[in-house]
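The structure appears below as structure tokens.
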Number of protein chains: 2
Amino acid sequence: MKIRKELAKGSTPLLVLGVLARGEMYGYQIIKTVELESRQVFQMNEGTLYPILHALEMEGLLTSRWVQVEGSARKRKYYQITEKGRKELADERAAWDTYQTAVNRVLGGVQNAAT
Amino acid sequence: MKIRKELAKGSTPLLVLGVLARGEMYGYQIIKTVELESRQVFQMNEGTLYPILHALEMEGLLTSRWVQVEGSARKRKYYQITEKGRKELADERAAWDTYQTAVNRVLGGVQNAAT
DNA sequence: AAATATACCTTGACAATCTATGTATTTCGT
DNA sequence: ACGAAATACATAGATTGTCAAGGTATATTT
């Protein structure tokens with residue numbers, strides 16, 4: 001299915017861009033945030049997230065910076081969404097709405113919407 | 001992501017089971033029906049559909065029968081949903097609702113819900 | 001007569017995700 | 001004080017769903 005492809009490709013990136021649109025965040029934090037906000041529905045894998053973050057950065061949709069945690073040896077890599085990223089997010093949001101609506105139409109409306 | 005997998009795996013089968021829940025249909029008709037009802041959003045591939053139909057039949061979610069088209073050499077393979085198929089459909093529908101809700105929550109509500 | 005639509009099917013390639021693995025630091029419980 | 005679990009980054013190989021392409025055949029439209 002045509003749109004399925006775009007959607008499948010964009011499903012996780014959509015969520016990533018979605019949370020980053022509110023402000024910079026580091027990888028582990030993204031996982032926890034998505035987990036929390038989806039009420040445990042999404043348990044994003046590290047092996048899924050990190051390659052996506054790198055890919056989005058390569059595409060210029062995100063930028064990143066290393067931040068040293070105060071009084072600690074630990075470093076975190078914070079990601080910020082770019083203007084291009086915001087445009088992509090808008091596009092993917094629209095695609096998601098289209099997809100969502102289409103599935104619900106085929107299934108006979110949302111749950112039991114009016115006939 | 002955990003549920004993503006179920007969904008990805010179940011996305012097209014969900015639509016197939018969804019349309020077959022209304023009555024028996026043959027492959028080509030399923031493609032056209034989904035295309036029409038999704039308003040051209042889904043253009044299901046034959047290479048995607050037929051293997052799925054066969055798999056669903058193997059799992060006992062569908063049954064099929066060949067029907068000779070009246071006054072023609074053409075045969076069509078009609079598929080019917082089974083009781084087991086209806087249960088599966090109910091499960092997948094529920095999973096879809098959960099998924100949909102979770103994405104919308106992470107994205108901050110549907111489209112531009114109240115901040 | 002040729003092109004398009006209908007109708008079934010399979011195979012090989014590709015792309016997205018997962019599991020597993022690796023390294024290192026920090027915190028919590030006992 | 002020690003071990004387990006959580007935090008935090010990353011990559012590689014296997015799995016899986018979908019697609020493009022190819023194949024066969026009939027029916028309809030131009």
Side-chain angles (χ1 to χ4, degrees), chain A residues 1-16 24-36 41-59 62 64-79 92 95-96 99 103, chain B residues 1-17 24-36 41-59 62 64-79 92 95 99 103:
Chain A
M1 297 191 291
K2 282 228 179 72
I3 203 179
R4 187 70 195 83
K5 196 183 175 184
E6 298 161 32
L7 212 274
K9 184 192 156 207
S11 179
T12 306
L14 168 64
L15 296 177
V16 173
E24 67 171 6
M25 239 180 245
Y26 56 95
Y28 196 82
Q29 189 184 8
I30 294 172
I31 291 174
K32 292 301 161 189
T33 301
V34 169
E35 206 169 294
L36 180 72
V41 170
F42 297 130
Q43 263 135 31
M44 208 180 273
N45 249 303
E46 294 184 303
T48 302
L49 178 66
Y50 291 116
I52 285 174
L53 285 173
H54 302 157
L56 293 177
E57 189 173 14
M58 292 275 272
E59 289 173 59
L62 302 179
S64 66
R65 65 187 182 105
W66 282 99
V67 175
Q68 186 74 43
V69 178
E70 297 262 346
S72 161
R74 176 162 288 168
K75 280 181 294 183
R76 288 167 176 162
K77 199 172 180 182
Y78 279 83
Y79 288 89
E92 288 187 24
W96 161 246
Y99 174 74
V103 170
Chain B
M1 296 189 293
K2 282 228 177 75
I3 205 178
R4 187 72 194 84
K5 195 184 176 184
E6 298 162 31
L7 213 275
K9 185 194 157 206
S11 180
T12 307
L14 168 65
L15 296 177
V16 172
L17 290 173
E24 66 172 6
M25 239 180 245
Y26 55 95
Y28 196 82
Q29 188 184 7
I30 294 172
I31 291 173
K32 293 302 161 189
T33 301
V34 169
E35 207 171 296
L36 180 73
V41 170
F42 298 130
Q43 263 134 31
M44 206 179 275
N45 246 301
E46 294 185 304
T48 302
L49 178 65
Y50 290 117
I52 285 174
L53 285 173
H54 302 157
L56 293 178
E57 190 172 12
M58 293 274 271
E59 289 173 61
L62 303 179
S64 67
R65 65 184 182 109
W66 282 98
V67 175
Q68 185 73 43
V69 178
E70 297 263 346
S72 162
R74 176 163 286 169
K75 279 181 296 181
R76 288 166 177 164
K77 198 171 178 182
Y78 280 83
Y79 288 88
E92 288 188 24
Y99 175 74
V103 171

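Within every chain, numbering begins at 1; the chains are lettered A, B, ... in the order of the sequence lines, protein sequences first and strands thereafter. Predicted, not measured: the structure shown is a model, and the values here were computed from it.
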Between [atom2] of [N] and [atom1] of [X], the distance in whole Å:
{"X": "A:Arg76", "N": "D:dC9", "atom1": "CZ", "atom2": "P", "result": "8 Å"}
{"X": "B:Glu46", "N": "C:dA5", "atom1": "CD", "atom2": "C1'", "result": "11 Å"}
{"X": "B:Tyr78", "N": "C:dT6", "atom1": "OH", "atom2": "P", "result": "14 Å"}
{"X": "A:Leu49", "N": "C:dA16", "atom1": "CG", "atom2": "C1'", "result": "14 Å"}
{"X": "A:Leu53", "N": "C:dT17", "atom1": "CG", "atom2": "C1'", "result": "15 Å"}
{"X": "B:Ile31", "N": "C:dA5", "atom1": "CD1", "atom2": "P", "result": "14 Å"}
{"X": "A:Met44", "N": "D:dA8", "atom1": "CE", "atom2": "P", "result": "16 Å"}
{"X": "A:Ile52", "N": "D:dA12", "atom1": "CD1", "atom2": "P", "result": "17 Å"}

For DNA chain D, which residues in residues 65-75 of chain B have a heavy atom at a distance below 4.0 Å?
B:Ser72, B:Ala73, B:Arg74
Please report the closest heavy-atom contact between B:Glu46 and B:Pro51, naming both atoms and the distance.
O-CD, 3.9 Å
Under the rule for salt bridge (Lys or Arg N to Asp or Glu O under 4.0 Å), what residues qualify as partners of B:Glu24, not counting sequence neighbours?
B:Arg65
Supply the atom-to-atom distance [X] [atom1] to [Y] [atom2], rounded to the nearest 0.5 angstrom.
{"X": "A:Ile52", "Y": "A:Glu57", "atom1": "CD1", "atom2": "CD", "result": "14.0 Å"}
{"X": "A:Ile31", "Y": "A:Thr48", "atom1": "CD1", "atom2": "OG1", "result": "8.5 Å"}
{"X": "B:Leu17", "Y": "B:Ile30", "atom1": "CG", "atom2": "CD1", "result": "9.5 Å"}
{"X": "B:Tyr26", "Y": "B:Trp66", "atom1": "OH", "atom2": "CH2", "result": "12.5 Å"}

Under a 3.5 Å threshold, yes or no: a donor from one side chain and an acceptor from the other, between B:Ser11 and B:Tyr99?
no
Of the listed nucleotides [options], the one nearest the side chain of [X]:
{"X": "A:Thr12", "options": "D:dT11, C:dT17, D:dT18", "value": "C:dT17"}
{"X": "A:Tyr50", "options": "C:dC9, C:dT17, D:dA8", "value": "D:dA8"}
{"X": "A:Asn45", "options": "C:dT19, D:dA10, C:dT10", "value": "C:dT19"}

Base, sugar-phosphate, or nothing for B:Gly27, non-hydrogen atoms under 4.0 angstrom?
sugar-phosphate
Between [N] and [X], is there an OP1 or OP2 to side-chain N/O distance shorter than 4.0 Å?
{"X": "A:His54", "N": "D:dC9", "result": "no"}
{"X": "B:Lys32", "N": "C:dA5", "result": "no"}
{"X": "A:Tyr26", "N": "D:dA8", "result": "yes"}

